[in-house]
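Here is the structure we will look at, set down as structure tokens.
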Amino acid sequence: MNHASRGESVTVSEPPGPITKAIIGALWKRTFDPDPANPMYLPRIIRDGYPEWGLPSYDPAVPGGTSAPVDIPDVPDDVGDSACARDDVRYPPVCTTAPALQLTNILFTNLSVMQAVSLSFSDMEPVFTAVVSVGTTDQPFTLDADDPARPNYLFSIGCCEPVSPESHDCGERRWTADASGRFVGRAHDVILTLIVRLNTSGSGPLTVNVLGVGLTVDPKAVAVDFDVDGEPQWVQDLAQIAVNEGVGNGALVNGMRTFLNQPDVIENIETFANEALKNILAEIPYA
């Protein structure tokens, strides 16, 4: 896509041309220029917000709600069965599902500890990919409890009373065993990948839409600490298995990915990009 002058008709199905690449490159450079006089420095906007553009602070950030369940793999049958234990059944209960972990009451911090990684353009369509990293070893991206008096993780597992003591076939009685508590997850060098589409309308200004935000992190860069003091043994066992099997990593990644793809967050990313793009274009005589 070329955006050479006002009044130029732009075909939005074309990949970016050299002038458009230069404009987006200037935007990318300005976004990570820490000069105090630069109003477009993204890490500072994430930390402090930017009222002039209607942007809130996202460090700290509270996503709200409860995440989708993440299964905990490779849990021994005796651990799952112990979670289902109760005294009001004839035969010892058995687990019927993999244990699941959910996040709630979440607080994210250090999202503003962000650095540019790469900027690339599609050869086939008007799309570019912006990659950034979040968190360092000294200032890790952190997931904690928003309200310290409330849990921020939920364990649950399906249970039933079997038809006989030796069987795992369920009888009529089924239920869900659950537990909750607090944990802290920390990660460094989290990679965020933003897929962005370039738009124009006839001779209108160049704008962007965020198609989605991806997130990856090396499991070795993640640390998860469950507070399970005083919890039943099965909860302590599941927490340890969750850490060993990397489910803590999966929960952290899924929680952050879900947060970053919320409609209001995507809208604010687009607001930042489009307002910053206006400033860049205003500095270019032919734009």
Side-chain angles (χ1 to χ4, degrees), residues 43 46-49 55-73 75 79 83 98-114 133-157 176-192 213 215-266 268:
I46 292 173
R47 185 188 67 227
D48 299 336
L55 298 176
S57 166
Y58 281 111
D59 189 2
V62 180
T66 300
S67 72
V70 177
D71 285 345
I72 303 173
V75 174
V79 174
L101 174 66
Q102 291 177 277
L103 306 184
T104 189
N105 180 37
I106 291 302
L107 176 74
F108 291 125
T109 55
N110 287 339
L111 183 58
S112 65
V113 182
M114 180 180 290
S133 68
V134 174
T136 64
T137 53
D138 294 331
Q139 292 180 287
F141 169 74
T142 301
L143 184 157
D144 205 341
D146 178 38
D147 180 352
R150 295 171 47 221
N152 67 345
Y153 75 80
L154 310 171
F155 279 137
S156 62
I157 185 169
T176 298
D178 52 45
S180 60
R182 285 192 55 198
F183 82 103
V184 179
R186 299 178 179 88
H188 61 85
D189 300 304
V190 178
I191 299 299
L192 305 185
V213 182
L215 188 150
T216 57
V217 61
D218 185 340
K220 295 178 181 178
V222 179
V224 182
D225 299 313
F226 283 90
D227 180 2
V228 292
D229 289 345
E231 296 292 339
Q233 186 60 47
W234 72 268
V235 175
Q236 298 184 40
D237 291 341
L238 283 184
Q240 188 59 52
I241 293 169
V243 173
N244 292 343
E245 297 296 333
V247 174
N249 170 38
L252 183 70
V253 168
N254 289 340
M256 188 179 181
R257 184 186 297 117
T258 299
F259 165 68
L260 290 171
N261 283 280
Q262 289 181 157
D264 61 325
V265 176
I266 293 291
N268 284 325

Minimal non-hydrogen separation, Ala100 against Pro69, with atom names: CB-CB, 3.8 Å
Separation between CZ of Phe108 and CG of Leu260, rounded to the nearest 0.5 Å: 7.5 Å
Atom of Asn110, atom of Phe141 and distance for their closest heavy-atom approach: CB-CA, 4.1 Å
Heavy-atom donor-acceptor pair, Asp237 side chain to Val79 backbone, under 3.5 Å: no
Over all atoms of both residues, closest heavy-atom pair of Met114 and Leu192: CE-CD1, 4.4 Å
Leu238 CG to Ile157 CD1 distance, which is reported to the nearest 0.5 Å: 6.5 Å
Residue pair Asp48 / Ser57: nearest heavy atoms and the distance that separates them: C-CB, 4.0 Å
Least distance between heavy atoms, Ile106 atom then Pro63 atom: O-CD, 3.3 Å
Approximate separation, where rounding is to 0.5 Å, of Thr109 OG1 and Arg47 CZ: 14.0 Å
Non-hydrogen atoms of Pro151 and Thr104 that approach each other most closely: O-CG2, 3.8 Å
Spatial distance of atom CZ (Phe226) from atom CD (Gln240) [nearest 0.5 Å]: 9.5 Å
Reference residue Asn152; test side chain to side chain contact (heavy atoms under 4.5 Å, CB included); the match among Asp146, Asp147, Leu143: Leu143
Qualifying residue, where the test is side chain to side chain donor-acceptor pair (under 3.5 Å) with Arg182 and the options are Asp227, Asp144, Asp225: Asp144
CG-CG distance between Asn261 and Leu215, expressed to the nearest 0.5 angstrom: 9.5 Å
Stepwise side-chain contact (heavy atoms from CB on, under 4.5 Å) check, Phe259 with Leu111: CA-CA 12 Å; Phe259 165 68; Leu111 183 58; 4.2 Å; yes
Audit row: Phe183, Leu103, side-chain contact (heavy atoms from CB on, under 4.5 Å) steps and yes/no: CA-CA 10 Å; Phe183 82 103; Leu103 306 184; 3.4 Å; yes
Value rounded to 0.5 Å, distance of OH in Tyr153 from OG in Ser180: 7.0 Å
